Engineer: 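Below you'll find the structure I mean.
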Amino acid sequence: MDPPRQYARFRHESPITRISLGSGAPDAWLVTRWEDARTVLAHSATSTDMSRPAFPTRSHVAMPPGFFLFQDDPVHDVFRKVLTREFMVKKIEALRAPTLEILDGVLQRMVSVGSPADFVEHVALPLPSLVISELLGVPYADHEFFQHHSRVLIEGTVTGEQKASAQQALSDYLEDLVVRRLREPQDDLITRLGRQLSTRDAADVGSFLLFAGHETTANMIGLGVLAMLQHPEQLPLLLENPVGAIEELLRYLTIAQSGLGRVATSDIPVGGVTIREGEGVIVMLNSANRDEAVFPDADVLDLARPNARQHVAFGYGIHQCLGQPLARMELQVVLPEVFRRLPALRVAGSVTYKHTAAAYGPARMPVEW
Ligand code: HEM
């Protein structure tokens, strides 16, 4: 569960360093310290537009406006403002009881299948997609369709063609749902998006929320359970104070393992170097969250850590995770409850991990109880 050791060396010897990504991708700066990570991510002269030639990636594609993480202000700001109210803590709190019900359902199904069962397939993956269905206002009858295609989207073993066709199916479905909701409005997010945005943009925002909030939360649920199984002595802390415990799990596990990409749109002085206009940067959140200058004994999981909430697992600056109140609520509900319901839960075979995916987590996790 630790990031590669080299990052600790970088933090001490060359915290901001030039790196080569190979395979035709442009060279970039690698930022490894917490303070420098925040400086870069909060800087107004940074772009997330992946179509810029210096963006640290191999696929320089322009994303549709509704995928607003990849847009700069003012376009980004238009979408973010439409959604800000939807993710306010009060709104998300209303999803707490439905989330517990969804957890009940998926746990019951896993238990009825019998032990051993794959925790990722039965709990970690379906739960966040069902919660996002609830948030958007996907009718109950369509949950299975929605879940099937969203699962294909993040499945490691399917072909690019299958993924593209799942993306198209979801996008068509959401567009159709927006049109239906404009005819017969409901008190749900899809209706509100349809009123404020074009049908295409509203459907793209729906797809993007699914993309941003499904696998990320699923990985945190799976890894969170594994981390607790490795540190059973800290289980009482999770059960007594899930709010604080989740922050430390977010810091320690930092699932955004490949870092956040940016392009400098003017010179950025940071940590003693100058990132020049037009150069690419990768901000390593997993290294920043293990920075000893901020988190003493940073490689130790300590659910009582007083400043765990200073982590940057959700990023920082204008693109800081919009879904964090939702992700926090889901983790606060799910992680303690899984151990309350299944106190004898244990791993029952070899766990496989997504080493090369943008978001780190277990791909398969056989458990018994
Ligand atoms: C534990 C789970 C999650 C983690 C670790 C996570 C992490 C992140 C990170 C690191 C970013 C910043 C990306 C960047 O600056 O380049 C981000 C952005 C974002 N996340 Fe999350 N996320 C999680 C769950 C969610 C959920 C549940 C949703 C919503 C359903 C969501 C929606 C978004 C959106 C919309 C953005 C883009 C914000 C913007 O550009 O203004 N995330 N997330």
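As a basis for the values below, the full set of heavy atoms in this structure was taken, side chains included, without hydrogen atoms, waters or symmetry mates. These numbers were taken from a predicted model, which means no experiment stands behind them. Numbering of ligands and ligand atoms starts at 1, following listing order.
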Engineer: For R80, take its heavy atoms, then give the atoms of ligand 1 lying under 4.0 Å from any of them.
Structural biologist: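 Selected atoms, number and element: 38 (C), 39 (C), 41 (O).
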Engineer: Which residue owns the protein heavy atom closest to atom 12 (C) of ligand 1, what's the atom, and how far is it?
Structural biologist: H319 O, 3.5 Å
Engineer: Give a yes or no on whether the backbone of F55 and the side-chain of H60 come within a donor-acceptor separation of less than 3.5 Å.
Structural biologist: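 Checked: pair present.
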Engineer: For atom 6 (C) of ligand 1, which protein heavy atom lies nearest, and how many Å away is it?
Structural biologist: F314 CD2, 3.7 Å
Engineer: Below 4.5 Å, heavy atoms only, C-beta onward: do M1 and L226 meet side chain to side chain?
Structural biologist: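 When only atoms from C-beta onward are counted, L226 and M1 do touch, with a gap below 4.5 Å.
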Engineer: What residue and heavy atom of the protein are closest to atom 1 (C) of ligand 1, and at what distance?
Structural biologist: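 For atom 1 (C) of ligand 1, the nearest protein heavy atom is M220 CG, 3.5 Å.
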Engineer: Show me which atoms of ligand 1 lie under 4.0 Å from any heavy atom of G315.
Structural biologist: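 That gives atoms 10 (C) of ligand 1.
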Engineer: Give a yes-or-no answer on whether the side chains of Y7 and N286 include a donor-acceptor pair shorter than 3.5 Å.
Structural biologist: no
Engineer: Within the 4.0 Å heavy-atom shell around L326, which atoms of ligand 1 are there?
Structural biologist: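 The list of qualifying atoms is 27 (C), 30 (C).
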Engineer: What residue and heavy atom of the protein are closest to atom 26 (C) of ligand 1, and at what distance?
Structural biologist: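 Looking only at protein heavy atoms, the one closest to atom 26 (C) of ligand 1 is G213 CA, 3.3 Å.
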Engineer: Any chance you could lay out the side chain to side chain contact (heavy atoms under 4.5 Å, CB included) test for N289 and Y252, step after step, and finish with the verdict?
Structural biologist: CA-CA 7 Å; N289 278 341; Y252 181 74; over 6 Å; no
Engineer: Among all protein heavy atoms in this structure, tell me which lies nearest to atom 42 (N) of ligand 1, with the distance rounded to 0.1 Å.
Structural biologist: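 For atom 42 (N) of ligand 1, the nearest protein heavy atom is C321 SG, 3.0 Å.
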Engineer: Under 3.5 Å, is there a donor on one side chain and an acceptor on the other for T39 and D36?
Structural biologist: no
Engineer: Should H76 be counted as touching ligand 1, given the test is an N or O pair under 3.5 Å?
Structural biologist: yes
Engineer: Is the shortest distance from a heavy atom of I318 to ligand 1 less than 4.0 Å?
Structural biologist: yes
Engineer: Any heavy atom of F70 closer to ligand 1 than 4.0 angstrom?
Structural biologist: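 Judged by the 4.0 Å heavy-atom criterion, F70 does not count as contacting ligand 1.
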Engineer: Output the list of atoms in ligand 1 that are nearer than 4.0 Å to some heavy atom of F208, sorted by atom number.
Structural biologist: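 Counting atoms of ligand 1 from 1, those under 4.0 Å from F208 are 35 (C).
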Engineer: Under 4.0 Å from any heavy atom of A327, which atoms of ligand 1 are there?
Structural biologist: 1 (C), 2 (C), 24 (C)
Engineer: D73 vs R80, test: salt bridge (charged side-chain N to carboxylate O under 4.0 Å, His left out). Steps then yes/no.
Structural biologist: CA-CA 10 Å; D73 284 350; R80 179 115 188 174; over 6 Å; no
Engineer: Give the residue, atom name and distance (to 0.1 Å) of the protein heavy atom nearest atom 37 (C) of ligand 1.
Structural biologist: L69 CB, 3.9 Å
Engineer: Taking a cutoff of less than 4.0 Å between a non-hydrogen atom of the residue and any ligand atom, is R262 in contact with ligand 1?
Structural biologist: yes
Engineer: If you measure from each heavy atom of L209 to ligand 1, is any distance below 4.0 Å?
Structural biologist: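 The answer is yes: ligand 1 sits under 4.0 Å from a heavy atom of L209.
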Engineer: Decide yes or no on salt bridge (charged side-chain N to carboxylate O under 4.0 Å, His left out) for R96 and E93, but give the supporting numbers first.
Structural biologist: CA-CA 5 Å; R96 199 174 274 269; E93 277 310 304; 2.8 Å; yes
Engineer: So which heavy atom in the protein is nearest atom 24 (C) of ligand 1, and how far is it from that ligand atom?
Structural biologist: T216 OG1, 3.5 Å
Engineer: Show me which atoms of ligand 1 lie under 4.0 Å from any heavy atom of I255.
Structural biologist: 5 (C)
Engineer: Could you list the atoms of ligand 1 found under 4.0 angstrom from a heavy atom of L285?
Structural biologist: 10 (C)
Engineer: Side chains of L41 and R262: does their closest heavy-atom pair fall under 4.5 Å?
Structural biologist: yes
Engineer: Indicate the ring-plane relationship of F70 and F208, choosing parallel, tilted or perpendicular according to the 30° and 60° boundaries.
Structural biologist: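 Rings of F70 and F208: perpendicular, as their planes differ by over 60°.
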Engineer: Pull out every atom of ligand 1 sitting under 4.0 Å from any heavy atom of A313, numbered as shown with elements.
Structural biologist: 5 (C), 7 (C), 10 (C)
Engineer: Side chains of R9 and S14: is there a donor and an acceptor less than 3.5 Å apart?
Structural biologist: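 No donor-acceptor contact under 3.5 Å links the two side chains.
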Engineer: Where does the angle between the aromatic ring planes of F68 and F79 fall among parallel (under 30°), tilted (30 to 60°) and perpendicular (over 60°)?
Structural biologist: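 Taking F79 first and then F68, their aromatic rings lie parallel (interplane angle under 30°).
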Engineer: Assess whether side chain to side chain contact (heavy atoms under 4.5 Å, CB included) is satisfied between F339 and M228, documenting all intermediate values.
Structural biologist: CA-CA 9 Å; F339 288 98; M228 293 319 303; 3.6 Å; yes
Engineer: Considering only non-hydrogen protein atoms, determine which one is nearest to atom 36 (C) of ligand 1 and report residue, atom name and distance to 0.1 Å.
Structural biologist: L322 N, 4.0 Å
Engineer: Are any of the N or O atoms of T217 closer than 3.5 Å to those of ligand 1?
Structural biologist: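 By distance alone, the answer is no.
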Engineer: Do D297 and R305 meet the salt-bridge criterion of a basic N to acidic O distance under 4.0 Å?
Structural biologist: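 Salt bridge: no.
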Engineer: Could you check whether R18 makes a cation-pi contact with W29, meaning its NZ or CZ is under 6.0 Å from the centre of the six-membered ring and within 45° of the ring axis?
Structural biologist: yes
Engineer: Does L210 have a non-hydrogen atom less than 4.0 Å from ligand 1?
Structural biologist: no
